[in-house]
Amino acid sequence: MKVLVIGSGGREHAICWKLSQSPKLTKLYAAPGNAGIEEVAQLVDIPAKDQEGLLKYCKKEGINLVVVGPEAPLTEGIVDRLRGEGIKIFGPTKFAAQLEGSKVFAKEMMKKLSIPTGEFEVFTSAEKAMDYVAKKGIPIVIKVDGLAGGKGVVVATSMPKAMEAIHLDMVKKVFGKAGDRVVIEECLEGEEASVIAITDGITVQLLASSQDHKRIFEGDKGPNTGGMGAYSPTPAITPEVEKEILDRVFTPIVKEFKALGHPFKGFLYAGIMMTKNGFRVLEFNVRLGDPETQAILPRLENDLLELILAAAEERLNEITLEWKNEDCVCVVIAAEGYPDTYETGKKISGISIAKENPAIQVFHAGTIRMNGEFHTAGGRVLNVVGSGRSIFEALSKTYHAVDQIFFEKMYFRKDIGHRAAKVLK
Ligand code: AMP
Ligand code: GLY
């Protein structure tokens, strides 16, 4: 089979690495991919948002299956466009992708299906939103409705911060139309975890649980990032909670989309907060998580191509997911200054030494190859991933590998997995 993966981050490198192990694969392509992905796939120089370019390429090359990594092409309707032309593509349609593309859509669906989530109100007027916040008090959470590159949520711990967020979103329109509506939500407390499912629109199966580390600094301090590391599985999600999340979140959502005449096919990610009153859904993503995927896929025993194909062909019920009885850790190496400004073009050394240990993978996020050597080309640069028989062994192998890698002004968190390590001590 000829398979094309759309995207260019660490998640897509992990997807390509896993797909490349499938005996069913004849050729792997990635659009646009990155310098690490190039080691397992042919790079195609077409941006993820260029639907017509991708469509033409799929037809010309006779691509048998397209797998979409990031959310933007999904919310822009790439699945509808390619499927409409007879190309097999795995992911939700534009309608189903609203679950991530619109927080209002997601919150209203959760309310309709009685899915546990924070109390909320939706506003189209800044004045009314401010009145509501003044009445409710702080802390409170302000979310723009549309996609905002992970920056559209403010957890306000002071009244001026809450008012400022509403002003920036709705009056200044810093996120453009994404801020036409805002969701104002009760502030929840607890440990966060990620639960990701794969569905063919009828059957739902959960992948192994994981936990991201969103803040830039150790101890979960500082601004939010795209994710500084992850590990799988997480003790925050017990088997009982997992079953509850399947029964009360994923099964009703998949049934609802089917009933609406728009079956949800793809990966579906629920961001969960474990509060003292039980779990709450913070958000949905209509794709695999980044960096969660990098820590989940190395644990998957199944052939990923077979799994995705089964889901794309509505026979996911034929598959039994199997997981290695190992812990897996992903440490993100970033450029100092990220998520604000940072330098690029730094020469990277030590990747091949780090990879000498068979328990280690290095997935690239922001790299380019120049004169045969890797250089930094983004804020999040590399994902170092290691497996072990316990979280401690996985952490020790992963951080040892991180120590082999060097570029000027590299930064990484030294406390990935700290929560799990504490619980299991
Ligand atoms: P979201 O994009 O909705 O997941 O929000 C991004 C981050 O904001 C989450 O990972 C949480 O850390 C935080 N967050 C979102 N909603 C809430 C909430 N209701 N209470 C507290 N923190 C929240
Ligand atoms: N790790 C969070 C996300 O993928 O959105």
Side-chain angles (χ1 to χ4, degrees), residues 7 9-12 14-15 68-72 74-75 97 99-107 110 115-121 133 136 138-157 161-162 165 169 175 178 182-196 207 209-216 220-232 234 236 266-277 279-297 330 332 339 363 365 380 383 413 416 419:
R11 166 185 48 209
E12 287 75 22
I15 294 171
V68 189
E71 62 279 15
L74 294 168
T75 57
L99 211 46
E100 177 166 1
S102 165
K103 300 251 188 235
V104 175
F105 181 93
K107 292 294 288 189
M110 285 193 265
I115 292 174
T117 188
E119 255 184 54
F120 72 101
E121 290 283 339
V133 165
K136 281 282 171 182
I138 46 121
I140 198 147
V141 183
I142 292 125
K143 302 182 170 184
V144 292
D145 178 38
L147 291 183
K151 298 203 169 108
V153 174
V154 172
V155 180
T157 48
K161 279 261 178 273
D169 294 346
F175 301 109
V182 297
V183 171
I184 300 194
E185 192 174 306
E186 146 192 32
C187 186
L188 300 165
E189 260 180 64
E191 190 162 351
E192 282 188 56
S194 309
V195 180
I196 307 175
L207 306 187
S209 67
S210 59
Q211 189 173 53
D212 187 6
H213 299 63
K214 292 194 185 201
R215 304 298 194 92
I216 186 73
D220 299 319
K221 303 266 180 349
N224 263 328
T225 69
M228 293 305 293
Y231 67 93
S232 170
T234 172
F267 291 103
L268 180 54
Y269 165 133
I272 300 289
M273 177 91 83
M274 292 304 303
T275 74
K276 62 179 190 315
N277 300 318
F279 79 85
R280 299 284 182 274
V281 175
L282 295 178
E283 63 161 346
F284 286 110
N285 294 322
V286 296
R287 52 171 173 84
L288 286 166
D290 187 341
E292 289 93 331
T293 303
Q294 293 88 307
I296 291 174
L297 290 185
C330 166
V332 170
F363 297 126
R380 289 192 296 172
N383 302 260
R413 270 180 66 165
I416 300 305
R419 288 218 174 82

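Every number for a ligand or one of its atoms is a count from 1 in the order of the listing.
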Would you say E189 touches ligand 1, if touching means a heavy atom closer than 4.0 Å? no
Between ligand 1 and C187, can you find any atom pair, the residue atom being a heavy atom, that is separated by under 4.0 Å? yes
Any donor-acceptor pair under 3.5 Å from [X] side chain to [Y] backbone:
X: R413; Y: R215; result: yes
X: H213; Y: I416; result: no
X: R380; Y: V332; result: no

[atom] [closest protein heavy-atom partner, distance rounded to 0.1 Å]:
atom: atom 20 (N) of ligand 1; answer: L188 N, 2.8 Å
atom: atom 18 (C) of ligand 1; answer: V141 CG2, 3.5 Å
atom: atom 4 (O) of ligand 1; answer: E283 CD, 2.8 Å
atom: atom 10 (O) of ligand 1; answer: E192 OE1, 2.7 Å

Do L74 and R287 touch side chain to side chain, with heavy atoms closer than 4.5 Å?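 L74 reaches R287 side chain to side chain.
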Please indicate whether E186 has more than 12 foreign heavy atoms, meaning atoms of other residues, nucleotides or ligands, lying under 6.0 Å from its CD. yes
Looking at [X], which atoms of ligand 1 are within less than 4.0 Å of one of its heavy atoms?
X: M273; result: 21 (C), 22 (N)
X: E185; result: 16 (N), 18 (C), 19 (N)
X: K214; result: 10 (O)
X: K143; result: 3 (O), 15 (C), 16 (N)
X: E186; result: 18 (C), 19 (N), 20 (N)

Looking at [X], which atoms of ligand 2 are within less than 4.0 Å of one of its heavy atoms?
X: R287; result: 3 (C), 4 (O), 5 (O)
X: D212; result: 1 (N), 2 (C)
X: G289; result: 4 (O)

Between N285 and ligand 2, is there a nitrogen or oxygen pair with a distance under 3.5 Å? yes
So is V153 polar-close to ligand 1, meaning N/O to N/O under 3.5 Å? no
May I ask whether R11 has any heavy atom positioned less than 4.0 angstrom from an atom of ligand 2?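 False for this residue.
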Does this structure show an ion pair linking D145 with K107, if we count only N-O contacts that are shorter than 4.0 Å?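 Here D145 does not pair with K107 in a salt bridge, since their nearest N and O are not under 4.0 Å apart.
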